[in-house]
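A short worksheet on the structure shown next.
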Amino acid sequence: MPLVKIFARAGMAKSIPLQSLQSKLCAVWSTKPETTKLILSRVEDWTSDSFNEDCYVDIRAYGKPERTREFVLEGMEKVQEAFKEEGLIANVRLETYDGERYFHVPPKK
């Protein structure tokens, strides 16, 4: 799971411990911190409180053959549990992409 975007309301009082969550998500997806980036964005508001979540989690991941629908859905539940362990209610969305069409240019060292 290389990219995890976390959206939370700007005025939310709860903290979002990125290092702890990164460690837990690496365990869920069997990835390394170098390939599992978490980005936190504070937003003013979003539409509808119908899910009563603390944060909206948008995950973008390589669609490997072993990442079947069942595997991914189970992993998403584990992601929700990882957030719950930190006292957060997460609304989780995951999108896979074709690895042959993925491009990334990291900064030069």
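Everything numeric in this text was worked out from a predicted model, so none of it was measured.
Without hydrogens or angle criteria, Gln80 side chain to Ala90 main chain gives a donor-acceptor distance under 3.5 Å. Counting only distance, with no hydrogens or angles, the side chain of Glu86 and the backbone of Ile16 share no donor-acceptor pair below 3.5 Å.
Side-chain atoms of Arg67 and Thr96, non-hydrogen and from C-beta on, never get closer than 4.5 Å to each other. For the pair Tyr97 and Arg60, the minimum side-chain heavy-atom distance is below 4.5 Å. Inter-residue side-chain proximity for Lys78 and Lys24 is flagged as unmet; no heavy-atom pair is nearer than 4.5 Å.
Side-chain heavy atoms closer than 4.5 Å link hydrophobic residues (I, L, V, M, F, W, Y) into clusters, and following such links, even through other members, never connects Val4 to Ile89. Tyr56 and Val43 end up in the same hydrophobic cluster when Ile, Leu, Val, Met, Phe, Trp and Tyr side chains are linked at under 4.5 Å. When the side chains of ILVMFWY residues are joined at heavy-atom separations under 4.5 Å, either directly or via intervening members, Leu18 and Phe7 end up in two distinct hydrophobic clusters.
Summarising the geometry of Trp46 relative to Asp54, their closest heavy-atom pair is CH2-O, 3.8 Å, with the distance given to 0.1 Å. Of all heavy-atom pairs between Cys55 and Ile6, the closest is CB-CG2, 3.9 Å. The minimum heavy-atom distance linking Arg9 with Asp45 is given by the pair NE-OD1, 3.2 Å. Across Trp29 and Val72, no two heavy atoms sit closer than the pair CH2-O, 3.7 Å. In terms of heavy-atom proximity, Ala8 sits nearest to Leu40 at CB-CD1, 4.3 Å. Nearest heavy atoms, Ser15 versus Pro17: O-CD, 3.6 Å.
Atom NZ of Lys84 is surrounded by 12 or fewer heavy atoms from other residues, nucleotides or ligands within 6.0 Å.
For the atom pair Leu3 CG and Lys37 NZ, the distance stands at 9.0 Å (nearest 0.5 Å). Phe83 contributes atom CZ, which lies 11.5 Å from atom CD of Glu53 (distance to the nearest 0.5 angstrom). To the nearest 0.5 Å, atom CG of residue Asn91 and atom CG of residue Asn52 are 10.5 Å apart.
Just one residue in the list Leu21, Ile59, Leu94 forms a side-chain contact (heavy atoms from CB on, under 4.5 Å) with Val79, and that residue is Ile59.
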